[in-house]
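Here is how names work: the chains are called A, B, and so on, in the same order as the sequence lines, proteins then strands, and each is numbered from 1.
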2 protein chains.
Amino acid sequence: MARPTDLQLAWFLPYRLSVLSNTISSAMASDYSRRFKLSIPEWRVLAVLADTPNITAADISARTAMDKVAVSRAVADLLAREAIVRAPVAADRRKSHLCLSASGMRMYAEVVPVARRYEQELLNGLTPTDRAALDRIVHVLLERAAVLGPAEGDNPR
Amino acid sequence: MARPTDLQLAWFLPYRLSVLSNTISSAMASDYSRRFKLSIPEWRVLAVLADTPNITAADISARTAMDKVAVSRAVADLLAREAIVRAPVAADRRKSHLCLSASGMRMYAEVVPVARRYEQELLNGLTPTDRAALDRIVHVLLERAAVLGPAEGDNPR
DNA sequence: GGAAATTAGTTACAATTGTAACTAATTTCC
DNA sequence: GGAAATTAGTTACAATTGTAACTAATTTCC
C-alpha cells in the first residue's frame, strides 16, 4: 500500500516518542503548575536537589541534560520563592552549593506522590516483563541517541 | 539507600522519555534544518501530505497531534517555499485541500532516507523481540497518556 | 429566511526557550 | 608573578511556541 518513498509518519519511531513524551509532559506540567505553580524545569531542579543536596548549578546541568541557562533560570525562580538556599563555595567563589530549604522539602514531599501516581498509571498498563523490557530499551536508545546526535553534524556540543 | 520521599529522577519514566525524545528530536532537527532548512513541524506536514494528499489543515492537526496554529504556520511556510499547493474546497470555502508540489515531493524524497537512517540507527541496538515489545509498549503508553491528561484536570482539550 | 452558534484558519500578543555575549573568579603556563 | 585561557553562572536578545481574539464561511434552528 505504502509507496516505496513513503515514510508512514505514524510508525516512525522518533515521531511516536515525541508525541508520547509531549502528551505525558504536558499533562504533568499543567497539573504541577495548577497545583504547585511549578514548571517542569523547576520541578526537575527540586528533584535533583532532593536526591543530592549541596551540588552546584553545573552539577544539576550534568545530571538532568538541562541547559545551564535553563538551570540558572529555574534556580533563580526557586531562590526567589525560597524553596532552595544558595551558599557560595569558599574554595571557588564562582560556584555555589544549592540545597532545598525546609519549605522546599515540604513542597517536594507534596509533589512526589503526584509524580509517582502518574508514573504508576502509565506503568499499570504494562506487564512486568514489558516494564523490564522498557527499562532496557530506553537505556539502549538513550545511549545510541547520545552518540548519534553530535556524530551526525559538526556541532561540538 | 533512597529515602522514602525520594523520587530518583533518573529512573522516573516521564523524565527518561522526555530526555530520550528531546535528544532524538534535537539531533534530527539540527540535521534537517542544516541540510534542508526544514523545521520539525514543517517536516511533519510534509510527511503527512506525502502519505495522504488533498487533506485540510484540520486533518493534519488531527493526525499529528499538532496544534492548529502550528499547522497553520508550517503550511504558510511551505506554501511560501512552494513545497505545497493549496486549493480551496468548493463545497466549503473555509477549507482548503493541501498537497505536495513537484518540488515538495522531491524534497520529501530527499529527507525520507535521512529520517529512515536515524530510525534504523536507533533500532539497530535492539533485538527483534525488543523492537516488537517497543511497538506494543509505546502503543499502550500513548493510549494511557491520552486518557490521563485531560482526565486529571479540568482543561477540556 | 435570518439571527445565533459553530467551524476553519489566521493574526496579534505573551510566555518560554535557545544562543551569544558578557562578568567575575580561577587556572594554566611562560 | 602575571597575561592568556578557561570556567561558573547571568543577562540581553532573537526565535519559537502557546493562548486568545479575530475574520469569514457555514450550519443550526426558530
Side-chain angles (χ1 to χ4, degrees), chain A residues 18-19 21-23 25-27 29-30 32-34 37-45 49 54-80 84 86-98 149 153-157, chain B residues 18-19 21-23 25-27 29-30 32-34 37-45 49 54-80 84 86-98 149 153-157:
Chain A
S18 162
V19 171
S21 166
N22 288 340
T23 307
S25 286
S26 66
S30 79
Y32 290 170
S33 83
R34 189 158 46 78
K37 306 268 178 258
L38 270 183
S39 71
I40 292 268
E42 284 158 18
W43 146 246
R44 285 186 181 174
V45 168
L49 288 177
N54 291 312
I55 58 179
T56 67
D59 295 332
I60 297 176
S61 277
R63 296 200 188 199
T64 56
M66 288 169 73
D67 183 84
K68 69 175 177 171
V69 177
V71 172
S72 172
R73 288 196 259 245
V75 164
D77 214 273
L78 291 170
L79 277 172
I84 65 178
R86 175 160 61 183
V89 175
D92 184 343
R93 284 175 19 242
R94 292 169 305 181
K95 303 181 182 177
S96 292
H97 283 158
L98 302 165
D154 46 3
N155 65 327
R157 184 202 310 191
Chain B
S18 162
V19 171
S21 165
N22 288 340
T23 307
S25 285
S26 66
S30 80
Y32 290 171
S33 84
R34 189 160 44 78
K37 306 269 178 256
L38 271 182
S39 71
I40 293 268
E42 284 157 19
W43 147 246
R44 284 185 182 173
V45 168
L49 288 177
N54 291 313
I55 58 178
T56 67
D59 295 332
I60 297 176
S61 276
R63 295 199 190 201
T64 56
M66 288 168 74
D67 183 84
K68 69 175 178 171
V69 177
V71 173
S72 172
R73 287 197 260 245
V75 163
D77 215 272
L78 292 170
L79 278 172
I84 64 177
R86 174 159 63 184
V89 175
D92 184 344
R93 284 173 22 241
R94 290 169 307 181
K95 302 180 183 178
S96 293
H97 284 156
L98 301 165
D154 46 2
N155 67 326
R157 184 201 306 189

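Considering every non-hydrogen atom in both A/Val71 and A/Ala57, the closest pair reads CG1-O, 3.8 Å.
Counting to the nearest Å, the C1' atom of D/dA24 and the NZ atom of B/Lys95 are 15 Å from each other. One can place CG of B/Asp67 at 17 Å from P of D/dT16, the figure rounded to the nearest angstrom. Regarding A/Asp59, its CG atom lies at a distance of 13 Å from the C1' atom of D/dT7, rounded to whole Å. Atom CH2 in B/Trp43 sits roughly 21 Å away from atom C1' in D/dT16 (whole-Å rounding). Computed from coordinates, the B/Arg44 CZ to D/dT16 P distance equals 16 Å when rounded to whole Å. To the nearest angstrom, P of D/dA8 lies 17 Å from CE of A/Met66. Between A/Leu38 atom CG and C/dT16 atom C1' there is a gap of 16 Å when expressed in whole angstrom units. One atom, CD1 of A/Ile60, and another, C1' of D/dT7, lie 17 Å apart when rounded to the nearest Å.
The line from OG of A/Ser18 to CZ of B/Arg44 is 4.0 Å long, rounded to the nearest 0.5 Å. To the nearest 0.5 Å, atoms NZ (A/Lys68) and OG (A/Ser61) are separated by 8.5 Å. Rounding to the nearest 0.5 Å places CD1 of A/Ile84 at 5.0 Å from CG of A/Leu98.
Side-chain contact check for A/Pro41 versus A/Arg73: every heavy-atom pair is 4.5 Å or farther apart.
Shown here are the salt bridge (Lys or Arg N to Asp or Glu O under 4.0 Å) partners of A/Arg93, two or more places apart in sequence or in another chain: there are none. Residues that satisfy the salt bridge (Lys or Arg N to Asp or Glu O under 4.0 Å) test with B/Arg86, not counting sequence neighbours, are absent from this structure. Scanning for side chain to side chain donor-acceptor pair (under 3.5 Å) contacts around B/Asn54 gives an empty result, with sequence neighbours left out.
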Output a table of nitrogen or oxygen pairs between the protein and nucleotides 25-28 of chain C separated by less than 3.5 Å.
{"unit_1": "C/dA25", "atom_1": "O3'", "unit_2": "A/Arg93", "atom_2": "N", "d": "3.4"}
{"unit_1": "C/dA25", "atom_1": "N3", "unit_2": "A/Arg94", "atom_2": "NH1", "d": "3.4"}
{"unit_1": "C/dT26", "atom_1": "OP1", "unit_2": "A/Arg93", "atom_2": "N", "d": "2.7"}

Under 3.5 Å, which protein N or O atoms sit close to an N or O of nucleotides 10-14 of chain D? Give each pair with its distance.
{"unit_1": "D/dT10", "atom_1": "OP1", "unit_2": "A/Arg86", "atom_2": "NH1", "d": "2.8"}
{"unit_1": "D/dT10", "atom_1": "OP2", "unit_2": "A/Ser72", "atom_2": "OG", "d": "2.6"}

For DNA chain D, please output the secondary structure as dot-bracket, reading 5' to 3'. Pairs are Watson-Crick or G-U wobble, both atom distances under 3.5 Å; mark crossing pairs with [ ], other-strand partners with |, unpaired with a dot. ||||||||||||||||||||||||||||||
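No donor-acceptor distance shorter than 3.5 angstrom exists from the side chain of A/Asp77 to the backbone of A/Ala74, with no hydrogens or angles considered. Of the possible polar contacts, one joining the A/Thr64 side chain to the A/Ile60 backbone as a donor-acceptor pair under 3.5 Å is found.
Note on B/Ser39: nothing from the nucleic acid sits closer than 4.0 angstrom, heavy atoms only.
Checking B/Ser25 against B/Asn22 by side-chain atom types alone, no donor-acceptor pair falls below 3.5 Å.
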